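Data first, discussion second: the structure below is written as structure tokens.
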Amino acid sequence: MEVKEQLSNVTAPSVHLLGKRIPAKPLNKAAIVTRLTLFILAALTVYAFYSFDYKELDFMDALLGTFANLKTIFLEPHLKHFSFGHALYQVMVTLGLAFLTTLFGAIIAVLFGLMAAENLSSRRVSIVIKSMVAFIRAVPTVLWVLIFAVAAGLGSTAAVIGMTFHSIGYLIKAYSESFEELDRGVIEALQASGANWWQIVFQAVIPSSITYMISWTFLRFEINFAVAVAMGAAAGAGGIGFDMFMASSFYLDMREIGAITYFILAVAVILEIFAAKIKRKLKTV
Amino acid sequence: MAALLEVNHLTKQFGKDSKALTDVSFSVQEGEFVSIIGPSGAGKSTLLRCINRMIDASGGEIRFQDHHVMDLKKKELKQVRTKIGMIFQHYNLVNRLSVIENTLHGKLGTKSTWAGVLGLYSNEEKKQAIQILNVLGLNEMIYKRADQLSGGQKQRVGIARALIQNPRMLLCDEPIASLDPNSAKVIMDHLKKVSTTMGITVVVNLHQVDVAIKYSDRIIGINKGQVVYNGSAKALTSEDIQRIYGSEAEDLIFDIGGIHAG
């Protein structure tokens with residue numbers, strides 16, 4: 001009897017929809033806000049293009065000029081102010097900068113990641129760390145480097161500290177989220193057998209999330225490589241980025257920029273291949 | 001015989017006015033096989049977890065051996081926990097580790113932090129693990145990863161992990177609820193064997209009344225956080241089952257006469 005009543009309740013609301021067009025999504029507040037936002041953005045985009053100061057620029061001319069520059073950069077690269085060996089060495093310096101900051105970041109982030117994971121620490125500690133991480137991550141890496149440059153002076157020291165700082169924030173978030181993926185029951189099972197926190201972390205939590213941790217760390221390493229190139233130019237941290245800065249703003253040598261770009265591209269491709277290999281291996285183990 | 005476990009006037013309150021357990025009292029003798037049955041949400045899991053303080057009870061007294069479990073400090077509590085093995089519905093193994101590694105996890109409670117962190121187990125411990133796995137019929141799975149096992153095999157690893165603790169008592173939280181009837185029987189047979197041959201006390205939460213009647217010495221029935229039946233499995237009548245499961249029990253899908261006859 002009860003069941004029948006409930007059934008009729010379920011069918012009742014859909015009866016009046018018969019014959020009308022049935023919307024797949026209900027038009028609620030969220031949908032209206034989304035549509036309104038998209039509409040405003042579209043309108044602003046049109047207005048922006050309309051109100052640009054084009055300085056009497058001929059669009060076709062500009063486009064052709066850009067292509068001509070790109071052609072010089074990428075089709076006629078050469079090295080003039082330094083040798084191939086020097087360039088290779090500088091790439092290594094940049095890679096070193098990326099490696100060092102990722103390593104420091106990873107070590108510190110493991111510890112704080114454990115404290116930030118809600119299933120491994122108290123709620124309060126987790127919230128405090130997570131909000132600090134959100135703040136650190138909100139400020140771009142370059143800005144952190146410039147902030148630390150106030151104390152350490154522009155150069156590699158500031159770059160290492162600043163990049164490490166942002167890496168820590170990034171990796172804490174990544175690590176703590178993969179720690180939280182772990183089933184609560186596993187932790188409970190080990191607690192019930194009398195294991196302590198450190199034993200649970202190293203015997204259950206880290207073995208379960210090691211693949212995530214490695215792929216996040218490698219992703220951060222790739223990001224840090226790109227940032228390290230930029231830091232060479234912006235913060236005088238040395239490496240291939242500094243050579244690029246010299247080639248572009250000091251010697252105005254577009255062909256050399258092309259050569260350096262190819263160097264960086266080659267390294268990035270090698271890193272990518274390496275990362276893919278590691279990931280494949282981790283999946284099968 | 002002295003009672004191994006004694007629970008007196010245990011209450012547990014979640015939040016302000018939702019009582020999970022009210023005035024629960026019972027005792028379990030050394031070597032006894034006790035089933036706790038009751039409808040979902042009656043407080044069976046809560047009760048089990050109060051015993052080894054995975055959940056802190058709000059009031060009452062729990063005595064295990066001669067320890068007042070509720071007054072124990074952190075370190076003593078860990079020591080008591082090493083004497084109580086626990087088995088779970090979802091096995092709760094570390095999926096990426098091998099069967100023997102999962103089994104050896106049961107030893108962590110008795111090891112120093114460093115040895116546990118680095119996973120340094122003595123040869124005797126490994127021998128014991130292999131011995132237990134042999135008894136449970138897992139001798140060919142020792143180096144398999146836990147996520148390659150079937151449900152029944154996983155649960156046997158769970159039992160191995162509990163047994164390597166050399167426990168005095170096993171707490172089993174719905175050990176067969178996710179298993180097919182065959183694996184369920186294997187698991188229950190193993191638990192019964194553990195209880196009769198090794199003299200380990202077994203307290204098990206069950207959903208299947210017929211299984212409870214078949215395997216246990218004693219049944220404790222719980223409804224709405226209160227003990228409504230506490231007696232031998234043989235003496236359980238259909239009125240008792242009705243009291244445990246509420247009025248709908250008339251329509252329960254088994255026939256109590258048939259169970260006793262079998």
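For clarity, every value in this text was computed on a predicted model and none was experimentally measured. Here is how names work: the chains are called A, B, and so on, in the same order as the sequence lines, proteins then strands, and each is numbered from 1.
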So, taking the atom named [atom1] in [X] and the one named [atom2] in [Y], what distance separates them when rounded to the nearest 0.5 Å?
X: A/S193; Y: B/K107; atom1: OG; atom2: NZ; answer: 10.5 Å
X: B/E125; Y: B/I100; atom1: CD; atom2: CD1; answer: 11.0 Å
X: A/W197; Y: A/S121; atom1: CH2; atom2: OG; answer: 8.0 Å
X: B/S35; Y: B/K44; atom1: OG; atom2: NZ; answer: 11.5 Å
X: B/Q155; Y: B/F88; atom1: CD; atom2: CZ; answer: 9.5 Å

[X] versus chain A, heavy atoms under 4.5 Å apart: side chain, backbone, both or neither?
X: B/K111; answer: both
X: B/H105; answer: both
X: B/R49; answer: side chain
X: B/L171; answer: neither
X: B/L97; answer: side chain

Top residue by heavy-atom pair count (under 4.5 Å) with chain A, among [options]?
options: B/N52, B/V94, B/L77, B/T110; value: B/V94
options: B/L118, B/N95, B/L108, B/N102; value: B/L108
options: B/P167, B/G109, B/A115; value: B/G109

* **Side chain / backbone / both / neither for A/D183 at chain B, heavy atoms under 4.5 Å** =>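 The side chain, not the backbone.
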* Asked: Under 6.0 Å from the six-membered ring centre of B/F14 and within 45° of its axis: does the NZ or CZ of B/K12 meet both?
  ->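 Yes.
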* Asked: Just checking, is any N or O donor in the side chain of A/S209 or A/Y175 under 3.5 Å from an acceptor N or O on the other one?
  -> no
* To do: Among A/R184, A/Q191, A/E188, single out the residue with the greatest number of heavy-atom pairs under 4.5 Å to chain B.
  =>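 Counting heavy-atom pairs under 4.5 Å, the top option is A/E188.
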